Structures are given as structure tokens and as C-alpha cells.
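The structure appears right after this line, and notes come after that.
Everything quoted here is computed from the prediction, not taken from an experiment.
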Amino acid sequence: MMDHRQVRASDQDRERVAETLRVALTEGRITLEELNERVAGAYTARTLGDLDDMIADLPRQETPPPLVRLPEPDLRLHTGSGRVEQVGRWQVPERISAAAGRWGKVRIDFTRADCAHREVLLDVEITSWFGDIVVLVPRGWRVRDEDVVRRWLGAVHNHPPKPPAPDGVTVRLTGYVQTGDVWVRYR
């Protein structure tokens, strides 16, 4: 039986190690200089043993919890490289899905919308440096973003101006932001 360290590495193996190194940078475990050196080494690695050496001093990544399958969204706002908007007067459903790919921009404006729900689930996904999702809500609404998984350079910018109104709607963000930004604006 062949030792696993001698098995030739695949491109997928190299990408897995590079992602592990990027996460280590965001956690403060390695410096930017170390990241550059190790990623270069990972992309030129020939065997799984070479790749193991690149991350031997880093903690093993935990297996992510299984994804909970949510019901299909009532409104899908997805774009790969264009612009998608939901603005003006519209009826807000309970579940919305917004995804921005390469150069994609999604804008969801709740300020003139009619909402009969106390909580709206907005599932976001951004996987591109230049992808953005902008969420505009009226004052008094609350946007909760603690359920969004942020990886590498993904960010959610959410700074409510004052406490929400007692009868205000809550928009609960879920999903995944690897790179790019979700911008929450209060009007």
C-alpha cells in the first residue's frame, strides 16, 4: 500500500490548502508574507505530503456543520455579472434569495415596500471580489446579520442609526459571503 504522503496532489488539493492558508491569515495565525510564500509553495507542490507540510503548524479546520435546507425562496434576485434591483412599491415575501457573482450588483429597497411579516429571511451569497448586495430599509427596521458566514474578505456593513421600533420588521440575513460586500443602509 502506498503512503498517502507520496500520492500526487491534484489542483483541488492545492486549492483546499490555499483556502486553509487564507483562513489562517484572516484569523491572524500567519502573516501576509507567510501567506504569499506558502500559497506559492502549495501551487507548486507535487505530493500530498508537500501540501501537508504547508499547513502542518495550523489547526485542522473543523468540518462545517451540515447545511440546513431552507424552503425555496419566494423571490430570487440572482445575477452573475449584471445588476438586479427590487425597488419601488412591491409586496415583501417571507423569504428572499440574493446572489451576486462576478461583477454582480443586487439592490433591494424596502423603503416603499409593503410588508405584512414581522420577520423576513434574506439569504445572501457573494463569491466574487466585485459582487455587492445593497439592502435599504426604513428607519425602525432591524437587520440581523449574525447568521451570515463570512470567509476570507467577505464583509457585512450594518450600522443601525438607533434602536429599532417596537413594531418594526426584522430582516434576518443568512448565507455566505466569501468576498465582496453586503451593505445595509437605513433610510
Give a yes or no on this: more than 12 heavy atoms of other residues, nucleotides or ligands lie within 6.0 Å of atom [atom1] of [X].
X      : atom1 : value
Trp90  : CH2   : yes
Gln12  : CD    : no
Glu146 : CD    : yes

message: Please evaluate residues Leu48 and Asp13 with respect to the criterion side-chain contact (heavy atoms from CB on, under 4.5 Å), reporting the C-alpha separation (whole Å), side-chain torsions for both, the decisive distance (0.1 Å), and the verdict.
response: CA-CA 8 Å; Leu48 294 179; Asp13 296 326; 3.3 Å; yes
Please give me the minimum heavy-atom distance between [X] and [Y], naming the atom from each residue.
X      : Y      : result
Ser97  : His78  : OG-NE2, 2.7 Å
Val135 : Leu122 : CG2-CD2, 3.7 Å
Arg139 : Pro161 : NH1-CG, 2.9 Å
Val84  : Thr79  : CG2-CB, 3.5 Å
Asp50  : Ala45  : CB-CB, 3.7 Å
Leu51  : Ala42  : CD2-O, 3.6 Å

message: Using 0.5 Å steps for rounding, measure from the NE2 atom of His157 to the CZ atom of Arg185.
response: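 If we round to the nearest 0.5 Å, His157:NE2 and Arg185:CZ are 8.0 Å apart.
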message: So, taking the atom named OG1 in Thr127 and the one named CZ in Arg102, what distance separates them when rounded to the nearest 0.5 Å?
response: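 The OG1 atom of Thr127 sits 10.0 Å away from the CZ atom of Arg102.
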query: Do the non-hydrogen side-chain atoms of Asp132 and Val106 ever get within less than 4.5 Å of each other?
result: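 When only atoms from C-beta onward are counted, Val106 and Asp132 do not touch, as no gap falls below 4.5 Å.
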Looking at [Y], is its backbone amide N or carbonyl O close enough to the side chain of [X] to form a donor-acceptor pair, meaning the two atoms are under 3.5 Å apart?
X      : Y      : value
Asp181 : Trp183 : no
Arg38  : Met54  : yes
Lys105 : Ser81  : no
Arg14  : Ala9   : yes
Asp52  : Gly49  : no

Would you kindly confirm whether [X] and [Y] end up in one hydrophobic cluster when ILVMFWY residues are joined by side chain heavy atoms under 4.5 Å apart?
X      : Y      : result
Ile108 : Leu136 : no
Val17  : Leu58  : yes
Val171 : Leu75  : yes
Leu21  : Leu25  : yes
Ile96  : Val149 : no

Of [options], which is the lone residue that meets side-chain contact (heavy atoms from CB on, under 4.5 Å) with [X]?
X      : options                       : result
Val120 : Thr170, Val169, Val143        : Val169
Ile133 : Val156, Leu77, Leu173, Ile126 : Ile126
Cys115 : His117, Glu119, Arg118        : His117

Determine, for [X] against [Y], whether the closest basic-nitrogen to carboxylate-oxygen distance falls under 4.0 angstrom.
X      : Y      : answer
Arg5   : Asp53  : yes
Asp123 : Arg172 : no
Glu19  : Arg16  : no

field: Any residue meeting salt bridge (Lys or Arg N to Asp or Glu O under 4.0 Å) with Arg89, in chain and number order, not counting sequence neighbours
entry: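 In terms of salt bridge (Lys or Arg N to Asp or Glu O under 4.0 Å), with neighbours along the sequence ignored, Arg89 is linked to Asp114.
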query: What residues, two or more places apart in sequence or in another chain, satisfy salt bridge (Lys or Arg N to Asp or Glu O under 4.0 Å) together with Asp167?
result: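 Salt bridge (Lys or Arg N to Asp or Glu O under 4.0 Å) check on Asp167 returns nothing, list empty.
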message: For a side-chain contact (heavy atoms from CB on, under 4.5 Å) check, start with the C-alpha distance between Val87 and Arg107, then their side-chain angles and the critical distance, and finish with the verdict.
response: CA-CA 8 Å; Val87 298; Arg107 182 171 178 247; 3.4 Å; yes
Distance flag, aromatic centroids of Trp141 and Phe110, threshold under 6.0 Å: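 So the answer is yes for these two rings.
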